[in-house]
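Heads up: the structure comes next, in structure tokens.
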Amino acid sequence: MKMKVLFTQKKEGKVENPEVIGQKIARAYKVKGDKVPPAYPCESEILVLLCFENYGKIDPKLVKFCQDLSTARAHNVALVILSKDGNADAGELTGIFKQNGVNVAGTCGIAVPKGLFGAKKVTDADTKKAQDFADQMVASLFDASALN
């Protein structure tokens, strides 16, 4: 299956919400899950699923990665966006994908309130919502025989 799951990571070695969701989806499909920027670049991926936080400002490493993402690297992207109100707005990334010709297959917004000491941990319901979204994206983009 030509699919990669990527997530943002602010502090090296600290497991944060995007990584929790990203790794769960990667394990479910037995595909590579990696932080942005990935150790190995995307090459002709049918789907790249990006998990990231959007609390007003998107991680600069993610923006730079998306600027380099072309149709030769990925045909479709799906976005799992963690924000305080569950808004699925990708902000400047939508324009970058459009400019590069990469199709945004779908977006999923998950509400994760952020307090004084950072964002709360994602719940099982949040991870299930992200997993259901990933299932929907895979079902729409991949041939059913390729999933076995």
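Quantities reported herein were computed from a predicted structural model and do not represent experimental measurements.
Taking 4.5 Å as the limit, every side-chain heavy atom of V5 sits out of range of all side-chain heavy atoms of Y29. Counting heavy atoms from C-beta on, the side chains of L6 and F65 come closer than 4.5 Å.
At a threshold of 4.5 Å between side-chain heavy atoms, the hydrophobic network of Ile, Leu, Val, Met, Phe, Trp and Tyr places V102 and M3 in two separate groups. I58 and V104 fall within a single hydrophobic cluster, where Ile, Leu, Val, Met, Phe, Trp and Tyr are joined by side-chain heavy atoms under 4.5 Å apart, directly or via other members. Hydrophobic cluster membership is shared by V31 and V20, with clusters built from Ile, Leu, Val, Met, Phe, Trp and Tyr side chains linked at under 4.5 angstrom. Both V122 and V15 are assigned to one and the same hydrophobic cluster, defined by single-linkage of ILVMFWY side chains at heavy-atom distances under 4.5 Å. Tracing side-chain contacts under 4.5 Å through hydrophobic residues (I, L, V, M, F, W, Y), one reaches F142 starting from L49; they form part of the same cluster.
Among residues two or more places apart in sequence or in another chain, the salt bridge (Lys or Arg N to Asp or Glu O under 4.0 Å) test is passed with D132 by K128. Taking K10 as the reference, E53 meet the salt bridge (Lys or Arg N to Asp or Glu O under 4.0 Å) condition, with sequence neighbours excluded. Residues that satisfy the side-chain contact (heavy atoms from CB on, under 4.5 Å) test with T123, not counting sequence neighbours, are A125, D126. Qualifying salt bridge (Lys or Arg N to Asp or Glu O under 4.0 Å) partners for K61, counting only residues two or more places apart in sequence or in other chains: none.
Taken to the nearest 0.5 Å, the CG atom of D135 stands 8.5 Å off from the CD1 atom of I25. The CD1 atom of I110 sits 6.0 Å away from atom NZ of K129, with the distance rounded to the nearest 0.5 Å. Within the model, atoms NZ of K32 and CD of E45 stand 11.5 Å from one another, a figure rounded to the nearest 0.5 Å. With rounding to the nearest 0.5 angstrom, the CZ atom of F7 is 11.5 Å from the CD1 atom of I21. Taking NZ of K121 as the reference point, atom CD of E16 lies at 7.0 Å (rounded to 0.5 Å).
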Using atom types as modelled, flag every donor-acceptor pair under 3.5 Å from a side chain in residues 92-100 to any protein atom, sequence neighbours excluded.
unit_1, atom_1, unit_2, atom_2, d
N100, ND2, C66, O, 3.2
N100, ND2, Q67, O, 3.2
N100, ND2, L69, O, 2.9

What donor-acceptor contacts under 3.5 angstrom involve side-chain atoms of residues 70-84, with partners at least two apart or in another chain?
unit_1, atom_1, unit_2, atom_2, d
S70, OG, A72, N, 3.4
N76, OD1, N103, ND2, 2.7
N76, ND2, I46, O, 3.0
S83, OG, D85, OD1, 3.4
S83, OG, G86, N, 3.1
S83, OG, N87, N, 3.0
S83, OG, N87, O, 3.3

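Taking every heavy atom of both residues into account, S44 and K2 meet most closely at O-CE, 3.3 Å. Considering all non-hydrogen atoms of both residues, Q9 and E19 come closest at NE2-OE1, 3.4 Å. Scanning both residues, C42 and V48, for their nearest heavy atoms gives SG-CG2, 4.0 Å. Between C108 and A88, the shortest heavy-atom contact is C-CB, 4.2 Å. Contact between T127 and D124 at its shortest, heavy atoms only, is OG1-O, 2.9 Å.
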Subject >> Trace of the side chain to side chain contact (heavy atoms under 4.5 Å, CB included) decision for Y40 with D34 >> reply: CA-CA 9 Å; Y40 298 99; D34 202 356; 5.6 Å; no
**OP:** Take D68 and K64 through the test side chain to side chain contact (heavy atoms under 4.5 Å, CB included) and record every step on the way to the result.
**Re:** CA-CA 7 Å; D68 292 338; K64 183 161 178 25; 4.2 Å; yes
**OP:** Tell me, with the steps shown, if D59 and V36 meet side chain to side chain contact (heavy atoms under 4.5 Å, CB included).
**Re:** CA-CA 10 Å; D59 186 352; V36 173; over 6 Å; no
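Residue K120 places its NZ atom among 12 or fewer non-hydrogen atoms of other residues, nucleotides or ligands, all under 6.0 Å distant.
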